[in-house]
2 protein chains.
Amino acid sequence: MSADIQKLGEVDRMIHEPARLMVVALLSAVKEADFQYLHRSTGLSKGNLSVHLSKLEEAGYVAIKKTFRGKYPLTICRLTERGREVLENYRKVIRAAL
Amino acid sequence: MSADIQKLGEVDRMIHEPARLMVVALLSAVKEADFQYLHRSTGLSKGNLSVHLSKLEEAGYVAIKKTFRGKYPLTICRLTERGREVLENYRKVIRAAL
DNA sequence: ATAGACTAGTCTATAGTACAGACTAGTCAG
DNA sequence: CTGACTAGTCTGTACTATAGACTAGTCTAT
């Protein structure tokens, strides 16, 4: 019981950060989402969202595909397998402790 | 559904911080705990734990009673009513989003 | 008495961090 | 040519956790 609580001390901060948690939670339900959708759904500023996405990509939790809608840039994001695992583990830790 | 996720962006960081989340989670199950117990149960350094307890006290989430065990200082901590509410609300937000 | 362990805490220094907002670069419509 | 759209970089600010050294007092043992 108290062991469950101790695990909170080692949660992955990459995913624990609320802004990024919003992003991965959104992606976990959706398979793919573009930048616009994440921007509107999270309420984060574009600059901030961009930085968080880069960090999640660097961590290997999110895959980012840059393409075009017509001639406009289009950024498609999805959760990687690893990202899904990490989120699932995070859920377990949080649920167990709370 | 997505509204639940948006709420993650406004979680109370006082309680979201893992070190403090451990403390309040421990206190929520226990009614009262001394410094030693929290120190051992969380694995935080004494200095760090002391700072977090002060912040939780300042936020009104934890009440701290300084007394003595024999002639040694003894610090007793408990969750306030407000602290209990905030934790309960935090739980709801997290559960809804995950 | 002197050294060491115990209580809890303050303080300092380090290192990391999110975030807003300004800016870039390209495309398009009027 | 102006203004809106795409996504992103970059800068500056401000906050933050954390370890570890240190304080002050009490106790035990040598």
Side-chain angles (χ1 to χ4, degrees), chain A residues 5-27 32-59 61-78 90, chain B residues 5-27 32-59 61-78 90:
Chain A
I5 289 176
Q6 277 181 52
K7 285 190 187 147
L8 286 176
E10 304 157 7
V11 289
D12 185 344
R13 295 196 186 242
M14 180 59 62
I15 214 171
H16 185 61
E17 160 62 31
R20 287 188 293 263
L21 191 50
M22 279 193 283
V23 171
V24 297
L26 283 166
L27 291 180
E32 269 195 355
D34 61 26
F35 189 92
Q36 289 300 309
Y37 172 79
L38 293 175
H39 179 37
R40 277 187 298 267
S41 300
T42 60
L44 299 171
S45 68
K46 287 181 299 179
N48 198 12
L49 174 57
S50 182
V51 170
H52 284 307
L53 283 174
S54 296
K55 292 191 177 177
L56 287 168
E57 182 184 30
E58 199 178 353
Y61 296 174
V62 166
I64 299 180
K65 192 174 29 172
K66 287 168 202 293
T67 169
F68 291 90
R69 169 153 47 205
K71 292 283 182 62
Y72 286 142
L74 177 64
T75 298
I76 302 284
C77 310
R78 66 175 174 79
Y90 177 80
Chain B
I5 290 177
Q6 278 182 50
K7 285 190 186 145
L8 287 175
E10 303 156 10
V11 289
D12 185 344
R13 294 195 186 242
M14 180 60 61
I15 214 172
H16 186 62
E17 160 62 33
R20 287 188 294 263
L21 191 50
M22 279 193 285
V23 171
V24 297
L26 283 165
L27 291 179
E32 267 196 356
D34 61 26
F35 189 91
Q36 289 301 309
Y37 173 80
L38 294 175
H39 178 39
R40 278 188 298 266
S41 301
T42 60
L44 298 172
S45 68
K46 285 183 300 181
N48 198 12
L49 174 57
S50 181
V51 170
H52 283 307
L53 283 173
S54 296
K55 291 191 178 178
L56 286 167
E57 183 185 31
E58 199 178 353
Y61 296 174
V62 166
I64 299 179
K65 193 173 24 170
K66 287 167 202 292
T67 169
F68 291 89
R69 169 155 43 204
K71 294 280 181 64
Y72 286 141
L74 177 64
T75 298
I76 303 282
C77 309
R78 65 174 175 80
Y90 177 80

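If you're wondering where the values come from, they're calculated on a predicted model, not measured in any experiment. Proteins come first, then strands; the chains are lettered A, B, ... in the order of their sequence lines, and each starts at number 1.
- If you take NZ of B:K55 and C1' of C:dT10, they are 14 Å apart, rounded to a whole angstrom.
- Where DNA chain C pairs in unbroken runs of 3 or more (Watson-Crick or G-U, both distances under 3.5 Å), the stems are C:1-30 with D:1-30.
- At a threshold of 4.0 angstrom between heavy atoms, the contacts of B:R13 are confined to the sugar-phosphate backbone, with no base atom among them.
- Between C:dT27, C:dA18, D:dA19, one nucleotide has an atom nearer to the side chain of B:S45 than all others, and that is D:dA19.
- The residue among B:P18 and A:D34 whose nearest nucleotide of DNA chain D is located toward the 5' end is A:D34.
- In this structure, A:L38 and A:L27 have side chains that are in contact, with non-hydrogen atoms separated by less than 4.5 Å.
- The CG-C1' distance, from A:L53 to D:dT6, rounds to 15 Å in whole Å.
- If you check C:dC28, D:dG8, C:dG9 against the side chain of A:K66, the one that comes closest is D:dG8.
- Distance alone, capped at 3.5 Å, places no donor-acceptor pair between the B:R78 side chain and the B:A63 backbone.
- With rounding to whole Å, B:E58 atom CD is found 11 Å from C:dT10 atom P.
- Position along DNA chain C of the nearest nucleotide to A:H52 versus A:Y72 favours A:H52 as the more 5'-ward residue.
- D:dC10 atom P lies 16 Å from atom CG of A:N48, rounded to whole Å.
- Distance CG (A:L56) to P (D:dG8): 13 Å, rounded to an integer number of Å.
- With salt bridges taken as basic N to acidic carboxylate O contacts below 4.0 Å, none links B:E17 and B:K55.
- Across all strands, B:H39 comes closer than 4.0 Å to no nucleic acid atom at all (heavy-atom distances).
- Side-chain polar atoms of A:H52 and A:N48 form a donor-acceptor pair below 3.5 angstrom.
- Computed from coordinates, the A:I15 CD1 to C:dA18 P distance equals 14 Å when rounded to whole Å.
- Residue contacts shown for B:T75 are limited to sugar-phosphate atoms, with no base heavy atom under 4.0 Å away.
- Residue B:R69 places no side-chain N or O under 4.0 Å from the OP1 or OP2 atom of C:dC6.
- Counting to the nearest Å, the P atom of D:dT9 and the CG atom of A:L49 are 11 Å from each other.
- An OP1 or OP2 oxygen of D:dT9 is reached within less than 4.0 angstrom by a side-chain nitrogen or oxygen of A:S50.
- In this structure, A:T42 OG1 and B:L8 CG are separated by 11.0 Å, a value rounded to the nearest 0.5 Å.
- In terms of modelled atom types and a separation under 3.5 Å, the side chain of B:H39 and the main chain of B:S45 share no donor-acceptor contact.
- A:S50 places no side-chain N or O within donor-acceptor distance of the main-chain N or O of A:K46, the cut-off being under 3.5 Å.
- Side-chain atoms of B:Y90 and B:D12, non-hydrogen and from C-beta on, never get closer than 4.5 Å to each other.
- When each of B:A19 and A:V51 is assigned the nucleotide of DNA chain D with its nearest heavy atom, A:V51 is the one assigned upstream, toward the 5' end.
- Distance CZ (A:R40) to P (D:dC5): 12 Å, rounded to an integer number of Å.
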